[in-house]
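In the text below, chain A, chain B and the rest are named by the order of the sequence lines, each starting its count at 1. Quick caveat, the model's predicted, so the values are computed rather than measured.
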There are 2 protein chains.
Amino acid sequence: MTTTRDILIDTATELFLGRNFGAVGTTELCKSAGVNKGTLYHYFPSKSDLLAAAIERYATSFGQAFRDIADSDAAPEEKLRQLFDVPARANRDWKTRHGFAQGCLVGNMSLELGAVDIPVREAIKHALTTWKAPVRDILHQLIETGSLARIDCDKGADVVIGLIQGGLLLAKAQNDPSHITLLAPGALAHLNSLKP
Amino acid sequence: MTTTRDILIDTATELFLGRNFGAVGTTELCKSAGVNKGTLYHYFPSKSDLLAAAIERYATSFGQAFRDIADSDAAPEEKLRQLFDVPARANRDWKTRHGFAQGCLVGNMSLELGAVDIPVREAIKHALTTWKAPVRDILHQLIETGSLARIDCDKGADVVIGLIQGGLLLAKAQNDPSHITLLAPGALAHLNSLKP
DNA sequence: CAATCAATTGACTGATCGGTCAGTTGGAAA
DNA sequence: TTTCCAACTGACCGATCAGTCAATTGATTG
């Protein structure tokens with residue numbers, strides 16, 4: 001069952017991803033969600049809190065996709081590469097529908113609001129933590145199979161997320177989704193060069 | 001000589017970096033620059049055009065820093081590492097003054113406005129082009145000294161910029177400038193693993 | 001001196017912003 | 001049947017938004 005709250009979160013995700021947080025007004029957002037102003041503020045104390053909820057849902061969704069990859073029976077090297085396919089697929093779909101690369105809600109909001117809105121930054125931090133767990137597991141698997149040196153996997157997970165976000169940024173800057181996976185082929189070599 | 005136009009550009013850079021484009025109004029910007037509203041619109045047709053000018057100056061400034069590194073007499077491996085120090089130093093200074101990591105004007109505006117404002121995206125594309133030239137030169141030097149395989153240096157320059165921006169994003173998301181250089185140590189290994 | 005014009009002023013506009021609130025609705029509990 | 005409350009409505013608020021414009025300044029020309 002899709003509740004009004006769900007509709008608000010999904011609409012917010014769609015609109016904030018398509019443009020940005022500041023460029024989407026609450027009036028437009030409510031109209032797009034088929035809901036009245038007051039209803040938004042019945043469920044969320046502020047526009048920022050709606051965004052935080054959207055980030056949390058977005059993080060959970062992508063986190064689950066990462067988890068599915070980590071738990072699959074593919075080879076660990078293959079899993080590492082597949083991580084980059086998750087945002088790549090999302091962006092390809094979006095660009096087909098709307099004509100430009102939108103990036104990642106977490107990355108976008110991080111650079112727009114990371115220095116301004118502390119609650120949102122906390123939601124972003126939590127999103128990154130959620131994502132790091134399955135990535136860390138894949139790195140452990142790589143070590144077990146001998147494909148990766150005994151590096152610090154927590155730091156390694158940060159590196160992988162940095163590679164993904166770096167590619168996403170290039171893709172949006174140049175409006176070319178193919179850049180998203182630009183940093184995928186070198187990921188394993190990159191990780192292997194980290195000091196244990 | 002610092003012209004009124006220069007003051008406007010510098011003030012815009014400072015404010016847009018400190019918060020974001022949408023969160024800074026023209027009234028505040030003008031007050032901060034010690035200039036009247038009409039003067040802003042005497043020099044720039046719109047707020048977006050002021051941003052584009054700020055991006056261009058910012059890109060030139062960082063591009064010169066990259067160029068200085070490329071033309072120095074340091075070892076090529078050392079030069080590659082020094083590229084990451086340019087934004088790292090800027091962010092360390094800023095955080096000392098303002099208490100948080102602000103990131104990079106080009107990266108920030110790319111994720112905030114890349115999908116919305118096409119002229120700004122063009123300014124961003126041009127900034128990346130400017131930065132790629134000295135990076136490409138360093139990669140050629142690495143190849144000459146035998147530290148790097150004969151990879152596609154244009155693609156390699158994109159990779160390096162992606163690594164820098166990925167680190168900047170992590171730093172802003174976690175309000176910790178030390179992440180800026182997180183992807184520096186693995187850069188050479190990363191590049192070396194690219195297919196020629 | 002007169003003429004010119006880029007630079008600058010600051011009050012002003014209509015639109016939109018995020019957020020509020022008194023009131024209505026409809027289904028569940030008593 | 002009455003009571004109750006979460007869900008929802010939509011008009012409304014003061015503030016701020018990007019942008020405009022007629023008037024003024026002052027330095028540079030002929």
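A salt bridge links A/Asp6 with A/Arg57: the closest approach of a Lys/Arg side-chain nitrogen to an acidic carboxylate oxygen falls below 4.0 angstrom. Between B/Arg67 and B/Asp71 there is a salt bridge, since at least one side-chain N of the basic residue sits less than 4.0 Å from a carboxylate O of the acidic one. A salt bridge does not link B/Asp117 to B/Arg121: none of the charged side-chain nitrogens sits closer than 4.0 Å to a carboxylate oxygen. By the 4.0 Å N-to-carboxylate-O rule, A/Arg97 lies close enough to A/Glu14 to be salt-bridged with it.
Between A/Phe66 and A/Trp131, the ring-plane angle classifies as perpendicular under the 30° and 60° cut-offs.
Remark: of the listed residues A/Leu128, A/Ile124, A/Val120, A/Ile124 is the sole one forming a side chain to side chain contact (heavy atoms under 4.5 Å, CB included) with A/Ser110.
Of the residues in residues 32-45 of chain B, B/Asn36, B/Lys37, B/Gly38, B/Thr39, B/His42, B/Tyr43 come within less than 4.0 Å of DNA chain C through at least one heavy atom, sorted by number. Within a heavy-atom distance below 4.0 Å of DNA chain C, no residue of residues 109-123 of chain A is found. Residues from residues 9-19 of chain B with heavy atoms under 4.0 angstrom of DNA chain C: there are none.
Atoms NZ (A/Lys47) and P (D/dT16) sit 16 Å apart, rounded to a whole Å. Regarding A/Asp6, its CG atom lies at a distance of 11 Å from the P atom of D/dC8, rounded to whole Å.
Scanning for side-chain contact (heavy atoms from CB on, under 4.5 Å) contacts around A/Ala52 gives A/Ala123, with sequence neighbours left out. The side-chain contact (heavy atoms from CB on, under 4.5 Å) check on B/Glu28 picks up B/Leu15, B/Arg19, B/Val24, with sequence neighbours excluded.
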- Show the numbers, then the answer: is there a side chain to side chain contact (heavy atoms under 4.5 Å, CB included) between A/Lys155 and A/Ile151? CA-CA 8 Å; A/Lys155 187 178 173 184; A/Ile151 63 163; over 6 Å; no

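Residues B/Leu50 and B/Tyr43 are not in side-chain contact: their nearest non-hydrogen atoms beyond the backbone lie 4.5 Å or more apart.
By the 6.0 Å and 45° rule, B/Lys47 stacks over the aromatic ring of B/Phe21.
Using a 4.0 Å cutoff to heavy atoms of chain A, the contacted part of DNA chain C runs 5' to 3' from C/dC17 to C/dC21.
For the atom pair CG (A/Leu8) and SG (A/Cys30), the distance works out to 6.5 Å, reported to the nearest 0.5 Å. Atom-to-atom distance recorded for B/Leu163:CG and A/Leu170:CG is 9.0 Å, nearest 0.5 angstrom.
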